Protein chains: 2
Amino acid sequence: MAGIKEIAEKAGVSISTVSYALNGSSRVSVKTRDKILSIAEEMNYIPNLAGQNLRRQRTNIIAVYLTSYQGSFFGDLLQGMHQKANDLGMELIVCSGKRSRLFLPQRLIDGILVLDKNFSDSELLKYADQSYPIVVLDRTLKHESIRSVLLDNEKGSTQAMQSLINEGVDKIYIISGPENNHDSIERKKAAVAAAEAQEIEYDIIPGQFNEISGYQAGDKVVFEPEKTYGVFALNDEMGLGIHKYLTEHNIVINKDVFIRGFDRNQVTGYLTPPIKSVAYSKFDFGATAVGILNKLIKEEAVDNKTISTYFEE
Amino acid sequence: MAGIKEIAEKAGVSISTVSYALNGSSRVSVKTRDKILSIAEEMNYIPNLAGQNLRRQRTNIIAVYLTSYQGSFFGDLLQGMHQKANDLGMELIVCSGKRSRLFLPQRLIDGILVLDKNFSDSELLKYADQSYPIVVLDRTLKHESIRSVLLDNEKGSTQAMQSLINEGVDKIYIISGPENNHDSIERKKAAVAAAEAQEIEYDIIPGQFNEISGYQAGDKVVFEPEKTYGVFALNDEMGLGIHKYLTEHNIVINKDVFIRGFDRNQVTGYLTPPIKSVAYSKFDFGATAVGILNKLIKEEAVDNKTISTYFEE
DNA sequence: GTTAGTTGTCGAAACGTTTCGACAACTTTC
DNA sequence: GAAAGTTGTCGAAACGTTTCGACAACTAAC
């Protein structure tokens, strides 16, 4: 209700003066500024975003796109994004689904963070061509106005493999993820490299980064008695699945077989026994992404970043 | 770039005609409409939201406010909200934090869903007084422009208690939640009523609806040998905590003690043994809330709703 | 062939801001 | 005390839409 106009009227000044005062311009005298500010306060003035956005051509809102809200993975990540965005004076909104992608060209938001494989490369490139700032978290994409935040998959994978080897296993099964998934590709590559470097027998079982495919992988694993095995699930969802399979089939975890995962999913810690998993700060992951997006929006120079992983025995 | 103005120019008609055509008004002839539409298509026209919102005084966006993004609880809920909102032709955004609450008075959004205890009653009532449509999911609040979606806590609590009684326990410990939490109050009340109706011994241990307080509750529980006990955690987070405590202290679950929880948290299913928990459709919970908010926005009559709970042995 | 109605188009105002350029009223400088 | 600079204020345009009211050009009715 109460707009800049009403304030101007009440203060006996022009609209423009009110606007200057509200925006802290030095053009306006201290006396009028204080008067206007107190009237605004008193009238409970809150700027109308549509009006502001229209004029400013800028909203200070960014959005993150997720495939779905499912899974505990996103908690810390969003927390990190949110905090960083707020530190930078921006608001973060979380979106999902095809239609809301229009927010970008509709100019409701200044830039986007993408962790949603359904948001296709070609669609992203199309927006990038119109110079909309974009940060992707689940792939690499080369474009002037796109940056990526990546994980140090190589280090994590190598450590997980080493940890299995340290248990003295005779063979390692690597449960891989989708063919076209960036993380899956990198993790698999490093895992294979580690196995070959250490000259340990290994086998790759294809999975889909979800629990059910981890469970199904159990059927493909051959356990000979008197031998011990390692299973490296390239993500924890699949680790959950294989854990369930093994438990159901009375194969004793941490004796007959050792499991390692990736992502440090909350649930893995509650299993008996828990699954050891490659970790990284999801909070930093999110915060870093927002930091990069901010620079992109402000047209400052910025590079891709890599988040480091760690593995504790 | 391409706005309604450019389209008008290219089509050789006025701005208003373009607007009518784009909005499917019957005022404009079929011939010009098709022409305008094809030009708009060709120019990749996407309306500028700020302009539209400014004029329409409506955005078709609603927001849900969460205390934090942590926890798997929100997954299904958001999924339900999102789908329903989309079915109704609205976009849903997820927000967190104090500053973004201004979205409502800033007119960026048409209404809000609140599941965030930090969003105080008084603040909500203040907005409600300005006729902003609000749906609360974590409390009851009486106001012309506020509605609540509630859980059938009574039924759920009663069933959980009955289930413990059926196990033949001698005494039931009820781990309650925060004093001012609506669900906690209702669940406790029903649990106590059930215990008294069945004339079974019980005790209340205060908790905080989080894992650590559930764990700490373990210390307050007295287990005499030769007796069996029931523990009813008024939410699953606390159930997780007490489960951990009991396991660590070698008290055998499902023999010495039986646990029941509330909310059917994803993690509870992965525990050994799992915790039986009162369930309800979080998807429906979310979808219902959005449905109500929609009616509130459209100024249609609508009442509070209750989501039913169920408990399977 | 006047009158009355219908159809399709348009101009202009409105929504709530920001910001440029103008300018009156001062102050400083010489 | 005239010229030059500074300060504080204002009017008006602009951002991209929607929508009212006007109206010209038709058609239908008598």
Side-chain angles (χ1 to χ4, degrees), chain A residues 1-37 39-40 43-61 89 102-110 130 132, chain B residues 1-37 39-40 43-61 89 102-110 130 132:
Chain A
M1 279 293 109
I4 215 178
K5 205 158 128 194
E6 284 74 29
I7 299 179
E9 215 158 294
K10 194 151 180 177
V13 299
S14 76
I15 286 181
S16 39
T17 302
V18 174
S19 175
Y20 284 128
L22 291 171
N23 290 294
S25 158
S26 62
R27 266 183 150 180
V28 56
S29 75
V30 178
K31 199 174 137 225
T32 26
R33 171 163 56 73
D34 289 352
K35 184 172 169 193
I36 289 170
L37 256 36
I39 291 182
M43 295 177 89
N44 273 315
Y45 170 73
I46 292 178
N48 176 305
L49 277 196
Q52 261 181 352
N53 295 346
L54 185 57
R55 175 64 220 215
R56 288 189 177 151
Q57 304 288 58
R58 186 154 213 277
T59 66
N60 281 324
I61 303 174
L102 285 176
F103 283 166
L104 193 57
Q106 281 170 336
R107 302 314 202 104
L108 179 75
I109 53 184
D110 296 338
Q130 301 177 248
Y132 294 117
Chain B
M1 279 292 112
I4 215 177
K5 206 159 125 194
E6 284 72 30
I7 299 179
E9 214 159 294
K10 193 150 182 178
V13 299
S14 75
I15 287 181
S16 40
T17 301
V18 174
S19 175
Y20 283 128
L22 291 171
N23 290 294
S25 159
S26 63
R27 266 182 149 181
V28 56
S29 75
V30 178
K31 200 174 135 225
T32 25
R33 171 162 58 74
D34 290 350
K35 184 173 171 194
I36 290 170
L37 257 35
I39 291 181
M43 295 178 87
N44 272 317
Y45 170 73
I46 293 179
N48 176 305
L49 275 197
Q52 258 180 355
N53 294 346
L54 186 57
R55 174 66 221 214
R56 287 189 176 152
Q57 303 289 57
R58 188 152 211 276
T59 67
N60 282 324
I61 303 175
L102 286 177
F103 283 167
L104 192 57
Q106 281 170 335
R107 302 314 201 104
L108 179 75
I109 51 185
D110 295 338
Q130 300 176 249
Y132 295 117

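Labels below follow one simple rule: chain letters A, B, ... track the order of the sequence lines, proteins then strands, and each chain is numbered from 1. Because the structure is a prediction, the values reported are computed rather than measured.
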N or O in side chain of A:Ser16 less than 4.0 angstrom from D:dA12 OP1/OP2 = no
Among D:dG16, C:dT19, C:dG16, the nucleotide that comes nearest once only the side chain of B:Gln57 is considered | C:dG16
Point-to-point distance, once rounded to the nearest 0.5 Å, from NZ of B:Lys35 to OG1 of B:Thr17 = 11.0 Å
State, to 0.1 Å, how close A:Leu37 and A:Ala21 come at their nearest heavy-atom pair, and which atoms those are.
-> CD1-O, 3.9 Å
Between D:dT17, C:dT18, C:dC15, spot the one nearest the side chain of B:Tyr45, thanks.
-> D:dT17
Of B:Ala50 and B:Thr17, whose nearest nucleotide on DNA chain D comes first from the 5' end?
-> B:Ala50
OP1 or OP2 of D:dT9 under 4.0 Å from side-chain N/O of A:Thr32 = yes
Quick one: is D:dC10 close enough that its OP1 or OP2 comes under 4.0 Å of any side-chain N or O from A:Ser14?
-> yes
Between A:Asn48 and A:Tyr20, the residue closer to the 5' end of DNA chain C by nearest nucleotide is A:Asn48
Could you state the atom-to-atom distance from NZ of A:Lys5 to P of C:dT18 in whole Å?
-> 15 Å
Can you tell me how far CD1 of A:Ile7 sits from CD1 of A:Ile36, rounded to the nearest 0.5 angstrom?
-> 8.5 Å
What integer distance in Å separates B:Leu22:CG from D:dT19:P?
-> 13 Å
Closest to the A:Arg27 side chain, choosing from C:dC10, D:dT17, D:dT9 | D:dT9
Tell me which nucleotide among D:dG8, C:dG8, C:dT17 gets nearest to the side chain of B:Ser29.
-> C:dG8
Of the nucleotides C:dT9, D:dC10, D:dG16, which one has an atom closest to the side chain of A:Leu54?
-> D:dG16
Kindly say whether, by distance alone, the side chain of A:Arg56 makes a donor-acceptor pair under 3.5 Å with the base of D:dG16?
-> no
Could you tell me whether A:Ile15 contacts a base, only the sugar-phosphate backbone, or nothing, with contacts defined as non-hydrogen atoms closer than 4.0 Å?
-> base
Would you say A:Asn23 reaches C:dT18's phosphate, i.e. side-chain N/O to OP1/OP2 under 4.0 Å?
-> yes
To the nearest 0.5 Å, what is the distance between CD (B:Gln57) and CG (A:Asn48)?
-> 6.5 Å
May I ask you to test the B:Arg58-B:Asp110 pair for a side-chain heavy-atom distance under 4.5 Å?
-> yes
Quick one: which of D:dT18, C:dG16, C:dG21 gets closest to the side chain of B:Ser19?
-> D:dT18
Per the atom types in the model, does the base of C:dT18 pair as donor or acceptor with the side chain of A:Arg55 at under 3.5 Å?
-> yes
